[in-house]
Engineer: 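Can you read through this structure? Questions will come right after.
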Number of protein chains: 2
Amino acid sequence: MGITDRKEREKLEMRRLIMDAAMDMFVKDGYEKTSIRNIADKIEYSPATIYLYYKDKDELLWGLQTEAFEKLAEVFREGITAAEPIEQLRQMAKLYVEFGMSNPDLYDLMFILRSPMNAEKNEEWKSGSSAFQFLVNIIQAGMDKLKYEDVTLGAMSSWAMVHGLVSLNVRGRCKMLELPEDKLQDMLLAAVDQYIDNITR
Amino acid sequence: MGITDRKEREKLEMRRLIMDAAMDMFVKDGYEKTSIRNIADKIEYSPATIYLYYKDKDELLWGLQTEAFEKLAEVFREGITAAEPIEQLRQMAKLYVEFGMSNPDLYDLMFILRSPMNAEKNEEWKSGSSAFQFLVNIIQAGMDKLKYEDVTLGAMSSWAMVHGLVSLNVRGRCKMLELPEDKLQDMLLAAVDQYIDNITR
DNA sequence: CAAACTTACTAAACAGTGTTCAGTATTTAA
DNA sequence: TTAAATACTGAACACTGTTTAGTAAGTTTG
């Protein structure tokens, strides 16, 4: 039955159309401006149509989040070039910070916003988990040179460190330091370096 | 002129009434349920009245935030009992984590939500700044026993660490670890201990 | 081919949000 | 007692996410 196949295909295409438009608006105009109605306007369909392809806004955001994680994974894949685990960890941490600082809205979606985490009663947060596993593996590999006693606790700590740096900045809690925009990122990277040094034996 | 005095007093009382109601709803039902209309309902005034006392919702949230910082300051005042700077830092970090985990909505307001930071073009974020200064002082005092080279960078790092731990949890990014609720907080406190040990020489 | 069924889509509405403004009482001043 | 200032509100505006009834087109069947 070729018709069912085509329908299936068209359904996927429609999902892509919606997803791409949403991602576009999200990256360009941020979370606030990305409403169902605005997305619908952009793809020239009625708002109700979107609900034929996504259960609700959370499910749509969940999809965006997954794509964002793929972006970050690629950043890691291309940017982590060192052979040594500690150096890998250092690279990873810096790439993470740079990614967060240059894609604040995507960062929101992945690590700050509550909404997409409600979708489907948290489908195990697959994309997030695999990114975390990646970190766990690096730490596992460098465990002999790290001061961590527990791998998971260590992974969580280093993640918390970089997330803390990025999210405080992204949410404007570091404005009081009154540093020029570009100096700020240098400072964050310096903090990362310092942290890696401190956890290395 | 006694009348002007009374009017002034009544104005302050009204602000208090609004603020208290808002804080109540915020702590009890969270950010989402705390709408201008709901607050107005609670104090039995029209929504428009609130706008006679607060420019917009951001300004109201700003007020709530300031009060939340006072709560945290008191937690520090009562809980930091050690004489030694390093121990003070350890206590402070743990109190911070505990505060965040037991008051997730207030924590949101203070360190995560974007809204209140827009009020009045960020009035220097006075309450936040003084809390940060408190941290800076402790770190300054213990600088000889700390591995930090720069006080500000050190303060930012340790803040980022605890904020990272709390905010990842508060926003449900640690669910994948599949830990029982109470074990989680123990893990966070263990991470804090580990961090303090690592930055101490 | 025509009739019956199925799918894809939308207009309109519902209930909620923050916010503004004209108008009404009440209180104060002249 | 009248004029002016103050405190407050009902109703509206422009949004939001979401649901539903209805339409128009495509597909299958007799």
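Worth saying up front: this structure is predicted, and the values here are computed from it rather than measured. Quick note on labels: first sequence line is chain A, next is B, and so on, each numbered from 1.
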Engineer: Of the listed nucleotides (D/dT20, C/dA8, D/dG17), which one gets closest to any side-chain atom of A/K57?
Structural biologist: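 Closest nucleotide among those given: D/dG17.
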
Engineer: Where each residue is assigned the nucleotide of DNA chain C containing its nearest heavy atom, which of A/R37 and A/E44 is assigned the position nearer the 5′ end?
Structural biologist: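 Final value for this comparison: A/E44.
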
Engineer: Can you measure B/K55 atom NZ to C/dT19 atom P for me and round it to whole angstrom units?
Structural biologist: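 Rounding to the nearest Å, NZ of B/K55 and P of C/dT19 are 9 Å apart.
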
Engineer: Output the rounded distance in Å from CD (B/E32) to C1' (D/dT16).
Structural biologist: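 Atom-to-atom, B/E32 to D/dT16, this comes out as 12 Å.
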
Engineer: Which nucleotide in the set D/dA7, C/dT10, C/dT17 lies at the smallest distance from any side-chain heavy atom of B/S35?
Structural biologist: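 Minimum distance to the B/S35 side chain belongs to C/dT17.
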
Engineer: Let me know the distance between NZ of A/K33 and P of D/dC15, rounded to the nearest Å.
Structural biologist: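 Answer to the nearest Å: 10 Å.
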
Engineer: Using atom CD1 of B/I50 as one end and atom P of C/dT20 as the other, report the distance to the nearest whole Å.
Structural biologist: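 One finds 13 Å between P of C/dT20 and CD1 of B/I50, rounded.
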
Engineer: Below 4.0 angstrom, N of the basic side chain to O of the carboxylate: do B/R16 and B/E13 qualify?
Structural biologist: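 Here B/R16 does not pair with B/E13 in a salt bridge, since their nearest N and O are not under 4.0 Å apart.
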
Engineer: What is the separation between atom CG on A/L52 and atom P on D/dT18, rounded to the nearest whole Å?
Structural biologist: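 Those two atoms, CG and P, are 13 Å apart.
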
Engineer: Where the side chain of B/A48 is defined as all heavy atoms beyond and including C-beta, which of C/dT19, D/dT20, D/dG10 is the nearest nucleotide?
Structural biologist: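 Within the option list, the nearest is D/dG10.
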
Engineer: Is B/K145 salt-bridged to B/E84, going by a charged N under 4.0 Å from an acidic O?
Structural biologist: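 Looking at B/K145 and B/E84, the cut-off is met.
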
Engineer: In whole Å, what is the span from the CD1 atom of B/I39 to the C1' atom of D/dT9?
Structural biologist: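 Value for this atom pair: 17 Å.
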
Engineer: Is A/K28 salt-bridged to A/D105, going by a charged N under 4.0 Å from an acidic O?
Structural biologist: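 Not counted as a salt bridge, because no side-chain N and carboxylate O are separated by less than 4.0 Å.
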
Engineer: Looking only at the side chain of A/Y45 (C-beta and beyond, no hydrogens), which of the listed nucleotides C/dA8, D/dG17, C/dT10 gets closest?
Structural biologist: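 Nucleotide nearest to A/Y45's side chain: C/dT10.
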
Engineer: Nearest to the side chain of A/Y53, heavy atoms from C-beta on, is which of D/dT18, C/dC9, C/dT10?
Structural biologist: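 That would be C/dC9.
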
Engineer: Quick check with a 6.0 Å cut-off and a 45 degree axis cone: is A/R171 positioned over the face of B/F111's six-membered ring?
Structural biologist: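 Judged by the rule, A/R171 and B/F111 form no cation-pi pair.
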
Engineer: Rounded to whole angstrom units, what separation is found between the CG atom of B/L60 and the C1' atom of C/dT17?
Structural biologist: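 Interatomic distance, CG of B/L60 to C1' of C/dT17: 15 Å.
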
Engineer: Any Lys/Arg nitrogen of B/R90 or B/D197 sitting under 4.0 Å from an Asp/Glu carboxylate oxygen of the other?
Structural biologist: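 Yes.
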
Engineer: Would one find a side-chain N or O of B/N38 under 4.0 angstrom from OP1 or OP2 of C/dT17?
Structural biologist: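 B/N38 to C/dT17 OP1/OP2: side-chain N or O found under 4.0 Å.
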
Engineer: Rounded to the nearest Å, what distance is computed from the CG atom of residue A/D29 to the P atom of nucleotide D/dC15?
Structural biologist: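 Answer to the nearest Å: 15 Å.
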
Engineer: So, the side chain of B/K147 versus the backbone of B/N198: is there a donor-acceptor pair under 3.5 Å, distance only?
Structural biologist: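 Yes, the answer is positive, given that a donor and an acceptor are paired below the 3.5 Å cut-off.
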
Engineer: Looking only at side-chain N and O atoms, does B/T49 come under 4.0 Å of OP1 or OP2 in D/dT9?
Structural biologist: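 So the side-chain polar atoms of B/T49 do come within 4.0 Å of the phosphate oxygens OP1 or OP2 of D/dT9, strictly under.
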
Engineer: Given pairs defined as Watson-Crick or G-U wobble with both distances under 3.5 Å, what dot-bracket annotation applies to DNA chain D, with ( ) intrastrand, [ ] crossing, | other strand and . unpaired?
Structural biologist: |.|||||||||||||||||||||||||.||

Engineer: Decide, yes or no, whether a salt bridge links A/K42 with A/D24 under the criterion of side-chain N to carboxylate O below 4.0 Å.
Structural biologist: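 Result for this pair is yes, salt bridge flagged.
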
